[in-house]
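First up is the structure itself, then whatever we jot down about it.
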2 protein chains.
Amino acid sequence: MAADADLSALDRVFAALTDPTRRAILSMLLEDDMAVTDVAEPFDVSLAAISKHLTVLTQAGLISQEKRGRVKWCKLEPDALRDASVWMQSFGQFEAVNLDAFEAFLEKELGDAPDDTRPSGG
Amino acid sequence: MAADADLSALDRVFAALTDPTRRAILSMLLEDDMAVTDVAEPFDVSLAAISKHLTVLTQAGLISQEKRGRVKWCKLEPDALRDASVWMQSFGQFEAVNLDAFEAFLEKELGDAPDDTRPSGG
DNA sequence: CCCAAACTTAACCGTTTGGTTGAGCATTTG
DNA sequence: CAAATGCTCAACCAAACGGTTAAGTTTGGG
């Protein structure tokens, strides 16, 4: 029932990141804020399924959603990743992020590096 | 794209990190290698449950297990976190890790890890 | 050898997850 | 107002998850 209340913020963030569809959504939102329908478009699942994913991401704090008219805009909230990042860094032989690996990864993951494509920082 | 293979590795790492018991296990292993029975001791679940958790962590590459005699030693493999860390950093408004938050977090997370369970070897 | 220790595996169970379809609500448009 | 658009909710389903207990396997020791 109220199982959600038990979950720590960290639980919710990691749980949200487990699903590859949700990670892909976050990558998409890295480029721009998007409406729910547009988020759903590239995926081979129903709009309702994407709506659920967006709820999960919202509850994890990874995105925010703002309704303007009948359109609900989704915006990346990268700050929510900080605690999880900090947690992971505590295991770090790797101190900070290896920038080479970072760029290689971005090329593979996003196709184009987001060095200039940040969602306007608010 | 070959990104698929990477993504499923990420899947496994994030899925493994979702469970708070498994994160606690990783924190314990941060201090020392441990036998399965000793890993299980502070938890209120069966040994079989912990054994399953350790299998999940192993398959995610987050730990390795080496059998010496009848004892299976568990060792942290923090390198497996690098890809996930890199992925998260790609969303980083937050540049590097906030060291204050890091230390505060460690105190909270590691403050009650067992220290009576060290293997004799090193 | 035989038993205990240290794990793992198998079978099972309730809950959660991710998906579906269809109905419903709010808003914009005609 | 009516209809279309944008999105969520409800009901349902199969599969995965995390837990259990019980049995099995391997290793070490009296």
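Note that these values count all heavy atoms, side chains included, but never hydrogens, waters or copies made by symmetry. Chain letters run A, B, ... following the sequence lines, proteins first and then strands; every chain starts at 1. Worth saying up front: this structure is predicted, and the values here are computed from it rather than measured.
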- When the distance from CG of B:D19 to P of C:dT16 is rounded to whole Å, what number comes out? 14 Å
- Query: Do you know the tightest heavy-atom contact between B:L10 and B:A84?
  - Reply: CD2-CA, 3.5 Å
- Query: Please give, in whole Å, the distance from D:dC17 C1' to A:D11 CG?
  - Reply: 14 Å
- Less than 4.5 Å apart, any side-chain heavy atom of A:S85 and any of A:M88? no
- Query: Who passes side-chain contact (heavy atoms from CB on, under 4.5 Å) against A:E41, sequence neighbours left out?
  - Reply: none
- Classify the angle between the aromatic ring planes of B:F14 and A:F14 as parallel (below 30°), tilted (30 to 60°) or perpendicular (above 60°). tilted
- Using the test side-chain contact (heavy atoms from CB on, under 4.5 Å), find all partners of A:A49 that sit at least two apart in sequence or belong to another chain. A:V45, A:S46
- Item | Exam field: side chain A:S8 to backbone A:D11, donor-acceptor pair closer than 3.5 Å | yes
- Query: When the distance from CG of A:L17 to P of C:dG18 is rounded to whole Å, what number comes out?
  - Reply: 12 Å
- Message: Donor-acceptor pair, distance only, cut-off 3.5 Å: does the side chain of B:R22 make one with the backbone of B:L54?
- Response: no
- If only side-chain N and O atoms of B:T37 are considered, is one of them under 4.0 Å from the OP1 or OP2 phosphate oxygen of C:dC7? yes
- B:T21 meets the side-chain contact (heavy atoms from CB on, under 4.5 Å) criterion, sequence neighbours left out, with B:D19, B:I25, B:F43, B:I50, B:H53
- Note on the structure: Whole-Å distance, A:L57 CG to C:dT17 P, equals 14 Å
- Message: Quiz question: going by heavy-atom distance under 3.5 Å, is there a donor-acceptor pair between the base of D:dT20 and the side chain of B:K52?
- Response: yes
- Base versus backbone protein contacts along nucleotides 25-30 of chain D [heavy-atom cut-off under 4.0 Å; B, S, -]: -SBS--
- Query: For A:E66 and C:dT27, what is the distance between atoms CD and P respectively, to the nearest whole Å?
  - Reply: 14 Å
- If you link ILVMFWY side chains whenever their heavy atoms are less than 4.5 Å apart, which other residues fall into the same cluster as B:V56? By chain and number, please. none
- Note on the structure: Rounded to whole Å, CD1 of B:I25 lies from P of C:dC7 at a distance of 13 Å
- Taken to the nearest whole Å, CG/B:L54 to C1'/C:dC7 is 10 Å
- Task: To the nearest Å, give me how far apart CD (B:Q59) and P (D:dG18) are.
- Result: 12 Å
- Of the residues in residues 40-51 of chain A, which ones touch DNA chain D at a heavy-atom distance under 4.0 Å? A:L47, A:A48, A:S51
- Query: Toward the 5' end of DNA chain C, which comes first, A:T18 or B:V36, by nearest nucleotide?
  - Reply: B:V36
- Query: Can a side chain N or O of A:H53 be found less than 4.0 Å away from OP1 or OP2 on C:dT17?
  - Reply: no
